[in-house]
Amino acid sequence: MRVLLIEDEILLAEQVADGLRDQGIAVDLAADGLDGLHKAGANRYDVVVLDRDLPLVHGDQVCTALAAGGTDARILMLTAAGEAADRVGGLVLGADDYLPKPFVFDELVLRIRALGRRANNAPRVLQRAGLTFDTARRIVTRDGRIIPLTTKELAVLEILMGADGAVVSAEDLLERAWDEHADPFTATVRVTIARLRRKLGDPPLIQTVVGAGYRL
């Protein structure tokens, strides 16, 4: 999953981004509404976490623009205003969910994951080729055996399982499982796939389609 966090409180944004990355979620940051709109238009995101009170372009305007076709991502609006009228106002603008500040980080993660599944029409539990992936609990099993994976391995496996047998290119994996700072010429996708193959065991489940990418 890849998330765009548009938040002008830099310290808060960095703390939230670090926490989400620890959960295996790729995060890009924007410190104002204008930069947020630019990044949302330039990259593919599953979820946009949007602060309502932003400089340059207000969060309400950003939400309206994104909901009108600026992105396919689900929008989670953050605001210090927690009254019911404010929540309703945010949803009317096009937000998919609303979380008042201050928030509990674990709740933020759960809401982001739920919105990410909605964005990709993905079920909570993915099953394919003897693998079961509980995306909420982040647990993978093969024929009943739990397979310990790193957060990035979980992210790549979720994309491959969600593709339901279709080929996923290395470029698509890099875009969806890593953030904007990832080097497009890096071997990190190939290395992560190799580790996944080894941990998932025999018979091998991940196929390399020469010149196209990978499928499970």
Side-chain angles (χ1 to χ4, degrees), residues 1-7 12-33 35-51 59 62-63 65-67 69-78 94-97 99 105-106 108-124 126 133 135-136 138 140 149-164 166-193 196 213-214 216:
M1 186 185 304
R2 187 172 177 182
V3 170
L4 173 62
L5 173 58
I6 311 176
E7 169 62 66
L12 173 63
E14 291 177 346
Q15 290 174 338
V16 169
D18 287 343
L20 293 176
R21 289 170 183 141
D22 287 342
Q23 296 291 318
I25 299 172
V27 184
D28 294 341
L29 294 176
D32 59 69
D35 189 33
L37 283 172
H38 172 73
K39 288 185 176 178
N43 302 297
R44 176 182 175 184
Y45 296 102
D46 300 291
V47 178
V48 174
V49 180
L50 173 66
D51 182 42
V62 174
C63 186
L66 295 180
T71 179
D72 292 327
R74 302 291 180 168
I75 302 169
L76 172 59
M77 184 172 279
L78 302 176
D96 297 281
D97 200 358
L99 190 61
F105 179 75
D106 288 346
L108 175 66
V109 173
L110 289 174
R111 287 176 181 254
I112 288 174
R113 290 204 187 282
L115 288 174
R117 288 195 297 271
R118 286 170 57 188
N120 294 292
N121 297 313
R124 169 176 166 163
L126 300 170
F133 188 167
T135 62
R138 313 304 290 167
V140 174
L149 299 174
T150 68
T151 53
K152 196 58 69 178
E153 290 162 359
L154 287 168
V156 171
L157 182 61
E158 185 171 2
I159 295 168
L160 290 175
M161 292 184 71
D164 198 25
V167 176
V168 182
S169 69
E171 292 79 10
D172 197 26
L173 286 172
L174 191 66
E175 180 181 2
R176 295 174 62 187
W178 281 264
D179 60 28
E180 63 185 341
H181 301 295
D183 181 356
F185 301 103
T186 184
T188 188
V189 172
R190 178 172 52 81
V191 171
T192 302
I193 290 289
L196 260 178
Y214 307 93
L216 190 149

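Starting from 1, each residue takes its place in the sequence as its number. Heavy-atom basis, side chains included; hydrogens, waters and symmetry copies ignored.
For residues 22-32, every residue pair satisfying the salt bridge (Lys or Arg N to Asp or Glu O under 4.0 Å) rule, not counting sequence neighbours, is listed here: Arg2-Asp28.
Across Gly59 and Met77, no two heavy atoms sit closer than the pair O-CE, 4.2 Å. Among all heavy-atom pairs drawn from Leu173 and Tyr214, the shortest one is CD1-CD1, 3.9 Å. Taking each heavy atom of Ala73 and Asp96 in turn, the nearest pair found is O-OD2, 4.4 Å. Leu5 and Ala13 get closest at one heavy-atom pair: CD2-O, 3.6 Å. Across Ile6 and Gly36, no two heavy atoms sit closer than the pair CD1-CA, 3.6 Å. For Tyr45 against Val3, the heavy-atom pair with the smallest separation is CD2-C, 3.6 Å.
Within the 3.5 Å criterion, the main-chain N or O of Ala177 finds a donor-acceptor partner in the side chain of Lys152. Side-chain atoms of Glu153 come within 3.5 Å of backbone atoms of Thr150 as a donor-acceptor pair (strictly under, hydrogens ignored). Without hydrogens or angle criteria, Arg21 side chain to Val27 main chain gives a donor-acceptor distance under 3.5 Å.
Exactly one of Leu50, Val47, Val62 qualifies for a side-chain contact (heavy atoms from CB on, under 4.5 Å) with Ile75. That residue is Leu50.
Inter-residue side-chain proximity for Leu76 and Ile112 is flagged as met; some heavy-atom pair is nearer than 4.5 Å.
Not a single salt bridge (charged side-chain N to carboxylate O under 4.0 Å, His left out) links Glu175 to another residue, sequence neighbours left out.
A salt bridge links Arg138 to Glu158: at least one charged side-chain nitrogen sits closer than 4.0 Å to a carboxylate oxygen. A salt bridge links Arg44 with Asp172; the closest basic N to acidic carboxylate O contact falls under 4.0 Å.
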*Determine, stepwise, if the pair Val49 / Leu20 fulfils side chain to side chain contact (heavy atoms under 4.5 Å, CB included).*
CA-CA 12 Å; Val49 180; Leu20 293 176; 5.6 Å; no

*Tell me, with the steps shown, if Arg117 and Thr135 meet side chain to side chain contact (heavy atoms under 4.5 Å, CB included).*
CA-CA 9 Å; Arg117 288 195 297 271; Thr135 62; 3.6 Å; yes

*Intermediate values then yes/no, side chain to side chain contact (heavy atoms under 4.5 Å, CB included), Leu157 and Leu149*: CA-CA 10 Å; Leu157 182 61; Leu149 299 174; 3.8 Å; yes

*In sequence, state the C-alpha distance, the side-chain angles, and the governing distance for Thr151 and Gln23, and then conclude on side chain to side chain contact (heavy atoms under 4.5 Å, CB included).*
CA-CA 6 Å; Thr151 53; Gln23 296 291 318; 5.9 Å; no

